[in-house]
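Lettering follows sequence order; numbering is per chain, from 1.
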2 protein chains.
Amino acid sequence: MATEARRPGRPATLEDVARVAGVSRATASRVINGLPTVDAALRRKVEEAITATGYAPNRAARSLVTRRTDSVALVVSEREQRHLATPFIGRMFSDPHFGRVVSGLLRELRPAGLQTVLMVADDEASRAQVLAYLRQGHVDGVVLVSSHPDDPLPRMLAETALPTVLAGRPGRAAALPYVEVDQRAGARLAAERLVAQGRRLIGTVAGPQDMPAAQERLDGFRGALAALGVPDLPWAEGDFTRAGGAEAMRRLLAGHPGLDGVFVASDLMGLGAVPVLLRAGRRVPQDVGVVGFDDSEAAEAAEPALTTVRQPVEDMAGEMARLLLRQIREPGAVPPSVVFRPSLVVRDSA
Amino acid sequence: MATEARRPGRPATLEDVARVAGVSRATASRVINGLPTVDAALRRKVEEAITATGYAPNRAARSLVTRRTDSVALVVSEREQRHLATPFIGRMFSDPHFGRVVSGLLRELRPAGLQTVLMVADDEASRAQVLAYLRQGHVDGVVLVSSHPDDPLPRMLAETALPTVLAGRPGRAAALPYVEVDQRAGARLAAERLVAQGRRLIGTVAGPQDMPAAQERLDGFRGALAALGVPDLPWAEGDFTRAGGAEAMRRLLAGHPGLDGVFVASDLMGLGAVPVLLRAGRRVPQDVGVVGFDDSEAAEAAEPALTTVRQPVEDMAGEMARLLLRQIREPGAVPPSVVFRPSLVVRDSA
DNA sequence: TTGAAAGCGCTAACAT
DNA sequence: ATGTTAGCGCTTTCAA
């Protein structure tokens with residue numbers, strides 16, 4: 001119905017809105033930005049003009065004057081892997097876990113009016129490039145998902161004073177808030193489950209011990225077992241991949257054939273570990289109980305389905321977004337890190 | 001060494017560079033944008049000034065005048081699924097396939113100096129929002145990854161005249177270039193493999209028949225079998241999920257217990273289908289040969305590992321990026337769609 | 001409460 | 001080949 005009163009071909013500008021509403025650009029701008037000091041009648045006129053013209057603000061123009069960008073960067077930092085056969089950017093993107101993080105993030109960021117720019121840092125050059133981009137003020141904040149413990153990026157970001165949130169505690173401490181699950185508490189849940197089932201010869205397939213999360217899962221599991229009266233803990237280290245889990249399970253089983261319970265530090269490794277047990281003639285869960293970690297799709301896909309420690313990944317990502325928003329809105333504020341409580345999801349493997 | 005000759009606190013501007021180099025803003029701009037009409041000596045001076053000041057262009061300012069944004073949108077379009085238990089944005093993001101697409105895309109986009117903005121359209125409101133954003137000229141182009149065949153977005157995008165590329169042929173035809181794999185050729189590879197192994201009682205677990213890709217895989221498989229002298233094709237429809245594959249396999253096997261070969265239209269469905277066969281007492285591949293489609297992680301994860309039809313996903317995504325770049329560089333050009341040739345990856349299941 | 005005007009940093013005529 | 005200048009669309013003093 002409304003004739004779009006504007007120059008043809010180009011999107012309507014604030015100027016157009018002002019003209020249609022019969023006010024100045026300044027007043028139109030006030031309405032658009034929700035400032036209270038506008039007469040109700042004029043406000044209505046402007047709002048009508050916005051609808052009539054199909055106006056939407058030009059972000060570049062706005063950004064030029066406000067120095068905000070209404071966008072944040074989602075930076076994926078991976079160790080360079082030219083030696084691996086992995087095609088291109090490595091496994092982060094094809095990890096369903098990462099997808100869940102993105103999902104939880106967007107769910108908060110979108111309603112806040114923030115766009116999300118995807119960036120990858122996987123070698124020295126790209127890291128410098130990303131950092132330059134961020135420092136230049138092209139985004140209002142950064143969510144960093146880093147997969148390697150010796151990543152220098154957290155510290156470098158801390159020095160920029162740009163609002164930043166980390167997915168998980170960084171390998172090298174940095175003065176930045178992070179969100180993660182209580183690894184030790186999760187390990188304890190696993191220990192309690194296995195012990196409650198009467199298992200006493202318990203081992204664990206741990207994650208890479210240079211990663212804090214993996215360390216804490218191992219350490220927490222050992223501590224919980226000790227508290228439950230099981231002082232000894234044989235373990236083997238995997239690399240958080242399926243193949244690595246299988247390999248570690250083989251070593252563990254070779255050294256300790258009498259095992260009746262295993263805590264595998266990730267579901268994906270569990271996917272590799274369980275078949276090793278089965279092929280070695282152990283029934284799961286009858287002979288050996290297995291508890292995983294993550295509650296990823298892998299847990300459901302396993303045969304039998306894995307009993308596992310659940311991380312509320314989407315909720316955690318949502319919290320990351322909120323921490324970031326708070327920093328953006330209150331410059332200087334550095335909110336405390338948030339640690340989520342894990343829960344046990346009982347399926348068939350223990 | 002170089003003292004950063006600039007106002008403190010703020011990034012250097014073109015003005016700063018010009019002053020340090022002792023030239024006008026225009027000349028500095030010419031150097032930065034690589035225009036040829038600049039004296040070699042001045043060019044060097046400007047380049048030094050850039051280094052000295054740590055200058056990087058302000059994208060907002062540039063965008064305001066050029067009407068380019070040097071960014072593209074990666075739009076993920078999914079059917080609304082409030083009825084499902086799926087947490088949040090649905091399964092696209094946690095699909096490793098999507099991650100491979102992102103990976104291939106970024107690999108081309110990054111060197112071209114384009115940022116990638118992630119957007120989701122999963123209901124009427126978000127679709128309108130995304131469309132408004134795109135129409136407003138906030139990006140130079142769009143990559144659309146759509147998961148549902150009745151998606152109105154391809155057509156709506158075609159009407160905007162914004163450079164666009166689709167991941168896969170759209171359900172409703174649209175005048176936009178797309179990239180996909182030759183589905184029929186892939187199905188033929190599967191048929192040839194099974195028939196070459198002497199199998200004659202062959203069925204297929206097809207994908208959702210409202211999706212073009214799924215239709216073509218079924219149709220192509222049927223055609224190829226007929227050409228090879230196997231005229232009959234029992235089939236059951238799955239929904240491209242693991243559980244759906246298992247369910248369809250059960251139905252297929254119930255109706256045709258004598259099957260000795262199955263083409264499963266996705267590896268993920270294969271992951272569900274194979275255990276059904278095993279539990280029904282069929283050995284794979286001895287009693288029943290199984291060929292999947294995609295060559296995803298699922299194919300390797302299956303037990304036995306799936307022989308499958310490979311889609312070069314990262315390469316295809318890279319091609320999408322190139323098609324988009326061409327449209328951006330040559331406005332008005334609508335490059336033809338590109339169809340990739342699949343290949344057979346032989347593993348243990350057939 | 002409203003408007004006039006300056007200016008954010010950059011590119012692109014245009015003039016030289 | 002180089003410089004001067006006029007905006008791009010918006011927010012934000014500052015006056016009224």
**OP:** Please list, chain by chain and in numerical order, all residues satisfying side chain to side chain contact (heavy atoms under 4.5 Å, CB included) with B:D70, sequence neighbours excluded.
**Re:** B:R59, B:R62, B:R68, B:L114, B:D140
**OP:** Please determine if A:E108 and A:R322 form a salt bridge, counting it only when a charged side-chain N lies under 4.0 Å from a carboxylate O.
**Re:** yes
Subject >> Salt-bridge present (B:R100, B:D315; N to O < 4.0 Å) >> reply: no
**OP:** For B:R59 and C:dC10, give me the distance from atom CZ to atom C1', rounded to whole Å.
**Re:** 14 Å
Subject >> Options D:dT11, D:dC8, C:dA12, nucleotide nearest the side-chain atoms of B:T66 >> reply: C:dA12
Original post:
B:A61 has a side chain; which of D:dC8, D:dC10, C:dC10 sits nearest to it?
Top reply: C:dC10
**OP:** Return each pair, listed once, that meets ring pair (Phe, Tyr, Trp, His ring centres under 6.0 Å) where at least one residue sits in residues 108-141 of chain A; pairs must be two or more places apart or across chains.
**Re:** A:Y133-A:H138
Quick one: is [X] getting a side-chain N or O under 4.0 Å of the [N] phosphate, OP1 or OP2?
X     : N      : value
B:S29 : C:dT11 : yes
A:R10 : D:dG9  : yes
B:R67 : D:dG9  : yes

Original post:
With A:D150, which of A:R155, A:R79, A:R172 fulfils salt bridge (Lys or Arg N to Asp or Glu O under 4.0 Å)?
Top reply: A:R79
Dump the pairs, protein N or O against N or O of nucleotides 1-5 of chain D, anything under 3.5 Å, distances to one decimal.
| unit_1 | atom_1 | unit_2 | atom_2 | d |
| --- | --- | --- | --- | --- |
| D:dT2 | OP2 | B:D39 | N | 2.4 |
| D:dG3 | OP2 | B:S24 | N | 3.0 |
| D:dG3 | OP2 | B:S24 | OG | 3.1 |
| D:dG3 | OP2 | B:T27 | OG1 | 2.7 |
| D:dG3 | N7 | B:R30 | NH1 | 3.3 |
| D:dG3 | N7 | B:R30 | NH2 | 3.4 |
| D:dG3 | O6 | B:R30 | NH2 | 2.6 |

Original post:
Should we count CZ of B:R44 as having more than 12 external heavy atoms under 6.0 Å?
Top reply: no
